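Just so it is clear, the structure is predicted and the values come from calculations on it, not from any experiment. The first residue in the sequence is number 1, and the count goes up from there.
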Amino acid sequence: SIAITLKKNYNILIAQNAYKQASNSYAPGMAGMLPDVNINAGYTSSHTNISQKYSSGLEINKNGATSSTLSPGVGLTWTLFDGTKMFIAYNQLGLFRDEGMMNMKAAIQDNIASVTEAYYNIVQQNELLAVLDSDMALYKQEMDIAKEKFTIGSGSKLDYLQAEVNYNAEHSAYLKQQVNITNSIATLNQLLELPVETTYNVSDSIAQGKVLIYDSLKRNMLAQNPTLQLAQTNMTIAQNSTREIEAMRLPTVNLGVNYGLTHTQSNAGFSLYNQSLGFSGGLTLTWTIFNGMTVNIQHKTAEIGELNA
């Protein structure tokens, strides 16, 4: 039963997929720590009438002059500093991955516990049915004896009727117990994602586990319980969210590097041909001094989130 629920239970499958998504997102590039490299290309063409007069006295008049510019290139942009926001974001992605793992563990544990409880509930219900079946046989025997006594005149009719009532009550309890078993099997089938009408045999007894020691259980619970671990992780995530917003108060430094070709050609004008090829680059510093108090509002909201975590 446990093997089936681990493979087919939708809650577990959803938790596993969520963990895979979070693990896949745990990468430096997702936190903005790596550069962006782009290939750029542009082409422009013009068809104009030119009338130019220079200080030397030279005049150029040409109708239908054409010119074209081709500018392919490769550009790199890299955020070198953003107030440590990228490092906090990377740590946050790792926490989201851990959160997904804990949610998956919690889903597995919850479903295993539910399946185990449902399975042994069927075992218990079967044992109760066996008891009722044994009791019903005794009541049937008692009713037959009372009937025989009444027939031969050594017993009263009242005793016979009372024995019959007792037997019918026990038989009714037996039928109700069969319904309880059917409902218990349906509950287990629902947990296992099996058709409701599926039937199977279960153990006829509840196996006794090893002796449980309270202190050992308490230590394991505090160290391994995914719900407690998840609560601690959520607290750290909330604290990181506050730190990310605080980082927005600091400047951002970006590096930009380009390598490209610019080729311009014209059939009129002072420059008929121009071409340049090479690198260009620089640093850009951006520091937001005022943005409508948005950072302050977000910071207060994040602090409230910390309290809730």
Side-chain angles (χ1 to χ4, degrees), residues 1-19 102-151 155-214 216-218 220-221 224-228 230:
S1 297
I2 293 176
I4 294 175
T5 194
L6 290 176
K7 291 181 179 179
K8 301 186 64 174
N9 185 271
Y10 288 122
N11 290 332
I12 294 177
L13 294 176
I14 291 173
Q16 288 174 337
N17 289 334
Y19 168 67
M102 294 167 197
N103 281 325
M104 183 178 68
K105 287 182 177 179
I108 291 173
Q109 288 184 3
D110 289 344
N111 281 278
I112 288 177
S114 297
V115 168
T116 302
E117 181 181 2
Y119 178 86
Y120 283 112
N121 181 55
I122 297 174
V123 175
Q124 183 182 33
Q125 297 300 329
N126 281 336
E127 291 180 347
L128 291 175
L129 183 67
V131 171
L132 289 173
D133 184 61
S134 177
D135 291 345
M136 190 170 61
L138 293 176
Y139 280 110
K140 178 67 167 61
Q141 185 179 11
E142 183 182 284
M143 183 183 67
D144 291 341
I145 292 172
K147 181 180 179 181
E148 185 65 25
K149 286 183 177 181
F150 172 68
T151 301
S156 66
K157 185 176 182 179
L158 180 62
D159 290 340
Y160 166 60
L161 294 177
Q162 183 61 52
E164 188 176 25
V165 168
N166 292 340
Y167 171 77
N168 289 336
E170 195 67 17
H171 186 258
S172 177
Y174 180 85
L175 295 177
K176 289 181 180 179
Q177 185 59 26
Q178 286 182 320
V179 173
N180 290 337
I181 292 175
T182 300
N183 292 336
S184 298
I185 292 175
T187 299
L188 181 58
N189 286 334
Q190 186 177 14
L191 291 171
L192 298 177
E193 305 295 341
L194 295 174
V196 178
E197 64 275 7
T198 302
T199 59
Y200 32 75
N201 296 323
V202 297
S203 173
D204 58 357
S205 62
I206 298 177
Q208 297 296 320
K210 64 180 181 180
V211 177
L212 301 178
I213 302 174
Y214 173 77
S216 177
L217 290 174
K218 183 178 179 181
N220 291 336
M221 183 269 295
Q224 302 177 14
N225 187 283
T227 302
L228 295 179
L230 185 60

Would you compute the distance between atom [atom1] of [X] and atom [atom2] of [Y] and round it to the nearest 0.5 angstrom?
X: Met102; Y: Thr227; atom1: CE; atom2: OG1; value: 10.5 Å
X: Met143; Y: His171; atom1: CE; atom2: NE2; value: 10.0 Å
X: Lys140; Y: Ile145; atom1: NZ; atom2: CD1; value: 10.5 Å
X: Glu127; Y: Leu132; atom1: CD; atom2: CG; value: 12.0 Å
X: Tyr19; Y: Asn103; atom1: OH; atom2: CG; value: 12.0 Å
X: Glu142; Y: Asp135; atom1: CD; atom2: CG; value: 11.0 Å

Please find the pair of heavy atoms, one from [X] and one from [Y], that lie closest to each other, and give the distance.
X: Asn11; Y: Ala107; answer: O-CB, 4.2 Å
X: Leu129; Y: Tyr174; answer: CD1-CE1, 3.3 Å
X: Tyr160; Y: Phe150; answer: CB-CB, 4.2 Å
X: Ala146; Y: Asp159; answer: CB-O, 4.0 Å

Side-chain H-bond candidate by donor/acceptor type, Asn121 with Gln125, under 3.5 Å: yes

Any side-chain donor-acceptor pair under 3.5 Å between Asn166 and Glu170? no

Quick check: does any side chain N or O of Asn126 sit under 3.5 Å from a backbone N or O of Ile181, one acting as donor and the other as acceptor? no

Ser184 side chain to Asn180 backbone, donor-acceptor under 3.5 Å: yes

Is it the case that atom CD in Glu117 sees more than 12 heavy atoms from other parts of the structure closer than 6.0 Å? no

Apply side-chain contact (heavy atoms from CB on, under 4.5 Å) to Met104 and Ile108, showing your working. CA-CA 6 Å; Met104 183 178 68; Ile108 291 173; 4.1 Å; yes

Under the side-chain contact (heavy atoms from CB on, under 4.5 Å) criterion, do Leu230 and Lys105 qualify, and how do the steps go? CA-CA 10 Å; Leu230 185 60; Lys105 287 182 177 179; over 6 Å; no

So do the side chains of Val179 and Lys176 get within less than 4.5 Å of each other, counting heavy atoms only? no

Evaluation steps, side-chain contact (heavy atoms from CB on, under 4.5 Å), between Val196 and Gln190: CA-CA 7 Å; Val196 178; Gln190 186 177 14; over 6 Å; no

Take Ile112 and Gln109 through the side-chain contact (heavy atoms from CB on, under 4.5 Å) test and state the conclusion after the steps. CA-CA 5 Å; Ile112 288 177; Gln109 288 184 3; 5.8 Å; no

Of Thr187, Val115, Thr198, the residue whose pairing with Leu192 passes side chain to side chain contact (heavy atoms under 4.5 Å, CB included): Val115

